[in-house]
Amino acid sequence: LPLFREKVNGYLDRLFVQHPDSLKPAIDHIATMASANEETYKYLIWMLTLKYQSPSVMGLDALFVHLYDTYYATGEMDSWANAQLKKNLEEFAGQLRNSLIGSSAPNMIMLDENLQKKSLYDIKNKFTLIYFFDPDCSHCKRATPVLDQIYDSGKFDLEIYAVSADTSMVKMKKYIQDMNLSWITVNGPRSETAPYYTLYDAMTTPTIYILDDKKKIIAKKLPAERIEEFLTRYSSTTAN
């Protein structure tokens with residue numbers, strides 16, 4: 001099995017452009033070959049499900065959705081995948097489906113520190129950065145100043161829509177004051193739209209999404225330290 005896994009990973013990782021459009025047919029091709037043996041077929045699909053659940057390459061989570069749609073939702077894996085497993089996979093695939101790169105970002109309407117409604121879709125800047133954070137998160141406390149420096153620099157036409165995962169308005173207000181933030185900060189649990197964690201793959205903090213002026217997702221889950229580089233490169237590419 002380790003040798004099989006190594007060969008499959010080598011085939012997919014080295015011989016194809018790491019993009020869903022290239023990898024989907026490659027996956028389906030090897031799945032068709034593996035289907036001649038039920039145990040091999042089962043192992044391959046489960047191995048790939050785990051591989052693309054949290055991929056190292058941005059955007060390849062679309063392959064998890066493809067695997068669910070093609071091999072679980074259709075009943076292909078019913079010989080071993082029980083109802084609870086399929087339900088869990090369906091929920092996670094649905095969460096990912098809402099926030100894939102290239103798709104329109106789901107709107108969020110939440111209350112800010114003054115209990116005013118703030119809609120993600122009211123932002124008209126060239127770029128919108130959605131920042132899911134927790135006031136008690138140590139990683140967030142390191143990421144926030146990095147994002148704030150980019151925001152305050154004025155180098156990009158950027159607005160930040162920061163979503164606090166904590167229910168406490170007191171903690172959120174203190175975080176805004178302590179960090180001296182001037183961007184939009186809202187309380188995630190105080191929402192007029194669906195819970196953010198069902199709209200976005202943002203179960204951990206910090207989690208970052210970047211949207212273009214049409215609210216299309218152009219990047220996700222980048223570390224704060226790579227945001228400026230990404231925006232610079234993206235701006236240069238789109239300018240040409």
*Check whether any side-chain heavy atom of Y200 lies under 4.5 Å from a side-chain heavy atom of N98, and answer yes or no.*
no
_So L63 and P55, do their side chains get closer than 4.5 Å, heavy atoms only?_
no
*Atom pair OG1/CG of T74 and D78 - distance to nearest 0.5 Å*: 8.0 Å
*Are L115 and V170 in one and the same hydrophobic cluster, where Ile, Leu, Val, Met, Phe, Trp and Tyr link if side-chain heavy atoms are under 4.5 Å apart?*
no
*Report the distance from atom OG of S79 to atom OH of Y41, rounding to the nearest 0.5 Å.*
9.0 Å
*List the atom of L12, the atom of A26, and the distance in Å for their closest heavy-atom pair.*
CD2-CB, 3.9 Å
*Taking side chain to side chain donor-acceptor pair (under 3.5 Å) as the test, write out the residues that go with N125, two or more places apart.*
D157
*With distance as the sole test, does N114 use its side chain to make a donor-acceptor pair with the main-chain N or O of Q116 at under 3.5 Å?*
no
*Does the side chain of V146 reach to within under 4.5 Å of the side chain of I227, using non-hydrogen atoms?*
no
Name every donor-acceptor pair, under 3.5 Å, that has one atom in a side chain of residues 189-198 and the other anywhere in the protein, sequence neighbours excluded.
{"unit_1": "R190", "atom_1": "NH1", "unit_2": "T167", "atom_2": "O", "d": "2.5"}
{"unit_1": "R190", "atom_1": "NH1", "unit_2": "N187", "atom_2": "OD1", "d": "3.1"}
{"unit_1": "S191", "atom_1": "OG", "unit_2": "T193", "atom_2": "N", "d": "3.0"}
{"unit_1": "S191", "atom_1": "OG", "unit_2": "T193", "atom_2": "O", "d": "2.9"}
{"unit_1": "S191", "atom_1": "OG", "unit_2": "T193", "atom_2": "OG1", "d": "3.1"}
{"unit_1": "E192", "atom_1": "OE2", "unit_2": "K117", "atom_2": "NZ", "d": "2.7"}
{"unit_1": "T193", "atom_1": "OG1", "unit_2": "I109", "atom_2": "N", "d": "3.2"}
{"unit_1": "T198", "atom_1": "OG1", "unit_2": "P195", "atom_2": "O", "d": "2.7"}

_Inter- and intrachain pairs under side chain to side chain donor-acceptor pair (under 3.5 Å), touching residues 214-228, at least two apart_ = D61-K220, K155-E228, D201-K221
*Do L60 and V17 sit in the same hydrophobic cluster, where Ile, Leu, Val, Met, Phe, Trp and Tyr count as joined when their side-chain heavy atoms come under 4.5 Å apart?*
no
_To check you understand the geometry: which heavy-atom pair defines the closest contact between D134 and A165, and what is its length?_
OD2-CB, 4.2 Å
*Using distance alone, with no hydrogens and no angle criterion, decide if T185 and D112 have a side-chain donor and acceptor under 3.5 Å apart.*
no
*asked:* Listing request: all side chain to side chain donor-acceptor pair (under 3.5 Å) pairs with a residue in residues 10-22, at least two apart in sequence or in separate chains.
replied: D13-K51
_What verdict does the side chain to side chain contact (heavy atoms under 4.5 Å, CB included) test give for L85 and W80, after you've listed the backbone C-alpha separation in whole Å, the side-chain angles of each residue and the deciding distance to 0.1 Å?_
CA-CA 10 Å; L85 174 60; W80 65 273; 3.7 Å; yes
*Closest approach of P106 and Y121, non-hydrogen atoms and distance?*
C-CE1, 4.3 Å
*Give the intermediate values and the outcome of salt bridge (Lys or Arg N to Asp or Glu O under 4.0 Å) for residues D212 and K126.*
CA-CA 6 Å; D212 67 10; K126 181 176 180 180; over 6 Å; no
*Hey, are T128 and Y209 close enough side-chain-wise for a donor-acceptor pair under 3.5 Å?*
no
*Taking all non-hydrogen atoms of both residues, which atom of M172 and which atom of L111 are closest, and how far apart?*
CE-O, 4.4 Å
*When you look at I101 and I218, which way does the side chain to side chain contact (heavy atoms under 4.5 Å, CB included) test go after all the steps?*
CA-CA 6 Å; I101 289 179; I218 57 175; 5.8 Å; no
*State, yes or no, whether a side-chain contact exists between P135 and S164 at a heavy-atom distance under 4.5 Å.*
yes
*Verdict with reasoning, Y71 to L48, per side chain to side chain contact (heavy atoms under 4.5 Å, CB included)*: CA-CA 11 Å; Y71 300 99; L48 294 177; over 6 Å; no
_Test item: F127 and D213 side chains (from C-beta on) under 4.5 Å apart, heavy atoms_ = no
*For I217 and S99, what are the C-alpha separation, side-chain angles and deciding distance, and is it a side chain to side chain contact (heavy atoms under 4.5 Å, CB included)?*
CA-CA 7 Å; I217 298 170; S99 54; 4.0 Å; yes
*Does D148 use its side chain to pair, donor to acceptor, with the backbone of T144 at less than 3.5 Å?*
no
*Which residue, E91, E90, Q84, forms the side chain to side chain donor-acceptor pair (under 3.5 Å) with K87?*
E91
_Gap separating the CD1 atom of I210 from the CD1 atom of I130, nearest 0.5 angstrom_ = 10.0 Å
*Hey, could you give me the CG/CD distance between L120 and E159, rounded to the nearest 0.5 Å?*
10.5 Å
*Atom pair CZ (F64) and CG (L96), whose distance is rounded to the nearest 0.5 Å*: 6.5 Å
*Please answer: with hydrophobic residues joined when any side-chain heavy atoms are less than 4.5 Å apart, are V8 and L50 in the same cluster?*
yes
*Measure the shortest side-chain to side-chain distance between Y72 and I45 over non-hydrogen atoms and say whether it is less than 4.5 angstrom.*
yes
_Restricting to side chain to side chain donor-acceptor pair (under 3.5 Å), what partner residues turn up for K24, sequence neighbours left out?_
none
*Taking the side chain as every heavy atom from C-beta outward, state whether H66 and Y52 have any pair of such atoms under 4.5 Å apart.*
no
*Rounded to the nearest 0.5 Å, what separation is found between the CZ atom of F133 and the CG atom of L181?*
7.5 Å
*Please step through salt bridge (Lys or Arg N to Asp or Glu O under 4.0 Å) for the pair K42 and E38, ending with a clear verdict.*
CA-CA 6 Å; K42 176 178 73 174; E38 184 177 354; over 6 Å; no
*Mind listing the closest non-hydrogen atom pair of P206 and C140 along with its distance?*
N-SG, 3.6 Å
*Measure from the side-chain N and O atoms of T70 to the backbone N and O of L67, and report whether any donor-acceptor pair falls under 3.5 Å.*
no
With a 3.5 Å cut-off and sequence neighbours excluded, list the donor-acceptor pairs that the side chains of residues 29-36 form with protein atoms.
{"unit_1": "T32", "atom_1": "OG1", "unit_2": "D28", "atom_2": "O", "d": "2.9"}
{"unit_1": "S35", "atom_1": "OG", "unit_2": "T32", "atom_2": "O", "d": "2.6"}

*Compare all side-chain heavy atoms of W183 with those of Y161 and state whether any distance is below 4.5 angstrom.*
no
*asked:* Any donor-acceptor pair under 3.5 Å linking the side-chain atoms of Y68 with those of R97?
replied: no
_For R233, is there any backbone N or O sitting under 3.5 Å from a side-chain donor or acceptor partner on S236?_
no
*Between M169 and E113, what is the shortest heavy-atom contact and its length?*
SD-CA, 4.4 Å
